[in-house]
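Below is one structure, written out as structure tokens; comments come after it.
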Amino acid sequence: MPNLHPLRTLLARTAWGLLLPLLLLLGPLGPLDPAGAPAQTQADPERGAALRQVPRVTAERGMVVAANPHASRAGLEMLRAGGNAVDALIAAHFVLNVVEPQSSGIGGGGFLLLHLAERGETVTVDGREEAPAAANSALFLRPDGTPEPFYPDRITGGRAVGVPGLLSALEKASRLYGRLPLADLLAPAIRLAEAGFPVSPRLAMLLEQQQERLAQFPATRAAFFRADGTPLREGDLLRQPDLAATFRTIAREGSIPFYRGDIARDIVAAVRQAPVRPGGMTRTDLSAYEAPLRAPVRGTYRGHTIVGMGPPSSGGATVIELLQLLETQGPPPHRPLSAESAHRFAQAARLAYADRGRYIADADFVTFPLAGLLDPGYARRRAEALDWVGPLVPVEPGLPAGAQTGRLGTAPHRESSSTTHLVAVDAEGNVAAATSSIEQAFGSGMVVPGRGFFLNNELTDFSPRPVDGKGRPIANRVEGGKRRRHTALDIPRSLGGKRPRSSMAPTLVLREGRPLMVIGSPGGSRIIQYVAWTVLLTLDYGMDLQAAIDFPHFTHLFGKTFLEPGWDRPALVQRLEALGHDIVVREQNSGLHGIWIDPATGRLHGGADPRREGLPMGY
Ligand code: GLU
């Protein structure tokens, strides 16, 4: 029988003075990532923390949805001041660095997906972190050749820190596509960092959970702990003068001090002199960093175009393959919350994730058949080999056109969960989305002394093992050195090390060539399923976006089927168990934020995840 975690309900007041309903905080869970993935010993640091009623928000002209109301508000401020969706997204993102520091920030990386209405074109900006040049495939191996334990060892301290990419990506997006000066986009974040804000329930909960790991770093303690040495609590005023000063420097001088100047010096010192597991990042690694423009990946689902993030993220390609596999099975099952629909989705996920695990990595380092994976004909051929209504059976990666048999090994997926997703749409129909991360909650645990931002642990998204059990190289192994190829659209020179494979999936759905929905989520490798499932609920079942996000999640990975409460009906569970599903009932760690653009009226409908703290705001 499924193991139903008890839900502990606590009444908590929201800290922002907004008319948000009461939060129901969920109690701590046991280990979440089951067998099949390397053991995760801590409670998932970014699991769904709050269930609440998100109000239905619609708007005429522009909208911003982010994981914290301060951020949505800052984005809206930019729209009202004449900025476009790109400006709104960037301003909201800088505010998230202040109010949701556990999830993203300039010490991390992310992907931007921007749809430019006038040109009818979608571009993506790859701000993923990079391995330092000196990194090699032994980065996370112990002397006996086995990987270090993931938590807290591998993720904590200097060694897991990738060269941060977010600031480069935001600055590039602002320069190429924004309207307001970067200094204006930073103003709300500077204001909040200086004046302070009450710590949110979620930030407080995560600080408490992670206090032991964080307390090892004096700069982290100074920024996020009380004078008595305990972490800040909900409602405490959090002022971040160091971060405000960093943002002021960037407002004046752009990203140069960060990549080539004093801030770069301090980042390198923090990594190399980390009290725990120092890393080998150099100033040359930082000065070599650029966030390239990359072509998005495209696919189709029931007459819609799906546009997503390409490598080094696996997000776009895997969302597309999963959806295209589902489409091979004809009309959707009658009801979404049914064993039939769950089983079908799980079958498609198994096929798509098997391909992802074998093939997808940084395409500048590894040659793999991306076009083959995206081809609907491949989905049809791959689907034919499976008995979809029969019980779950082990599946192997397929052979898309362009794949070479036996060349690559397969690695289990393992990304845990921090991360944030935000979106903006403006009155001209421009759409901007970002999924952005420092990887685990609070990343490496290290705040850069005197600078106020956390450094990521994104390098743990690499496979810690360079080869599989058969000695075949794993596509997503750690590699430093020089970039081998250029799949970017705009940087004609050699760059630094490899970028770890991501699951982040900022996604745009087009109907007749026009934006219909923009969506994305945090959640590690579950992101792909959260996004695909939301696409299904809206397109197949006609749910409005907020209802689709509120709908209990179903995910299938690591050989297990995870049901959120709501799915755990005895007859349904029994039916799934009979089909070979190993069931776990638990709430899940999505943070789905999106906007639906009514094709008839152009009205904007927001969607914010009740499992987090965000709100849509529009005008
Ligand atoms: N580091 C993960 C990735 O890039 C994201 C982590 C998360 O969403 O929790 O895919």
Side-chain angles (χ1 to χ4, degrees), residues 32-33 37-38 40 42-49 67 96 100 102-105 107-113 124 126-131 140 150-151 154-155 160-162 164-166 169 202 206 210 308-319 353 356-357 360-362 411-422 433-444 454-464 476 478 498-507 519-531 553 555 557-558 588-593 609 611-612:
L32 296 176
D33 285 339
Q40 176 154 339
Q42 90 282 29
D44 187 334
E46 283 272 357
R47 66 173 199 271
L96 287 174
E100 200 200 31
Q102 72 271 23
S103 295
S104 72
F111 300 111
L112 313 183
L113 180 147
T124 61
D126 168 10
R128 185 69 162 169
E129 297 89 334
E130 233 167 46
F140 296 120
F150 186 79
Y151 186 92
R154 209 188 304 163
I155 63 167
V161 180
L166 181 69
R202 183 175 180 77
L206 292 165
Q210 301 257 328
M309 188 69 221
S313 188
S314 63
T318 314
V319 165
Y353 277 63
R356 168 187 179 275
I360 305 183
D362 182 345
H413 37 250
R414 102 116 308 137
E415 295 109 33
S416 292
S417 7
S418 155
T419 307
T420 202
H421 181 78
L422 59 162
T435 316
S436 184
S437 183
I438 52 174
E439 221 298 289
Q440 288 288 300
F442 309 106
S444 63
F454 278 103
L455 289 170
N456 69 85
N457 67 295
E458 214 76 50
L459 300 185
T460 61
D461 274 358
F462 281 120
S463 165
N476 186 36
V478 185
K498 193 176 180 181
R499 299 180 180 207
R501 180 184 67 203
S502 172
S503 301
M504 295 193 279
T507 302
I519 187 75
S521 179
S525 42
R526 288 186 167 81
I527 290 172
I528 291 157
Q529 297 186 45
Y530 295 144
V531 168
H553 287 317
T555 50
L557 71 174
F558 311 127
Q588 300 190 31
N589 60 359
S590 65
L592 283 154
H593 297 132
D609 203 313
R611 301 160 191 83
R612 301 234 172 171

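Along the sequence shown, residues are numbered consecutively beginning with 1. Both ligands and their constituent atoms are indexed starting at 1 by order of listing.
The side chain of I527, and not its backbone, has at least one atom closer than 4.0 Å to an atom of ligand 1 (non-hydrogen atoms only; side chain from C-beta on).
Considering backbone and side-chain atoms alike, S503 places an N or O below 3.5 Å from some N or O of ligand 1. Taking only nitrogen or oxygen atoms, main chain and side chain alike, P522 does not reach within less than 3.5 Å of ligand 1.
In summary, the atoms of ligand 1 found under 4.0 Å from a heavy atom of E458, numbered by their order in the structure, are 1 (N), 2 (C), 4 (O). In the vicinity of E439, heavy-atom distances shorter than 4.0 Å reach the ligand 1 atoms 1 (N), 2 (C), 6 (C). When each atom of ligand 1 is checked for a heavy atom of G524 under 4.0 Å away, the hits are 6 (C), 7 (C), 8 (O), 9 (O). Below 4.0 Å from some heavy atom of D461 lie the following atoms of ligand 1, by number and element: 1 (N), 2 (C), 3 (C), 4 (O), 10 (O). For ligand 1, the atoms closer than 4.0 angstrom to any heavy atom of M504 are 3 (C), 4 (O), 10 (O).
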*CA sep, side-chain torsions, deciding dist, call: F150, T460, side chain to side chain contact (heavy atoms under 4.5 Å, CB included)*: CA-CA 8 Å; F150 186 79; T460 61; 3.8 Å; yes

*Worked check of salt bridge (charged side-chain N to carboxylate O under 4.0 Å, His left out) between D609 and R611*: CA-CA 5 Å; D609 203 313; R611 301 160 191 83; 2.7 Å; yes

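Heavy atoms of R128 approach ligand 1 to within less than 4.0 angstrom.
For the pair Y530 (side chain) and Q588 (backbone), a donor-acceptor distance under 3.5 Å is absent.
In this model, no donor atom of one side chain and acceptor atom of the other lie less than 3.5 Å apart for R612 and T420. For the residue pair N457 and Q440, no side-chain donor N or O sits within less than 3.5 Å of a side-chain acceptor on the partner.
With a 4.5 Å cut-off on side-chain heavy atoms, T435 and T419 count as touching.
Put simply, NE2 on H593 and CG on L422 are 9.0 Å apart, with the number rounded to the nearest 0.5 Å.
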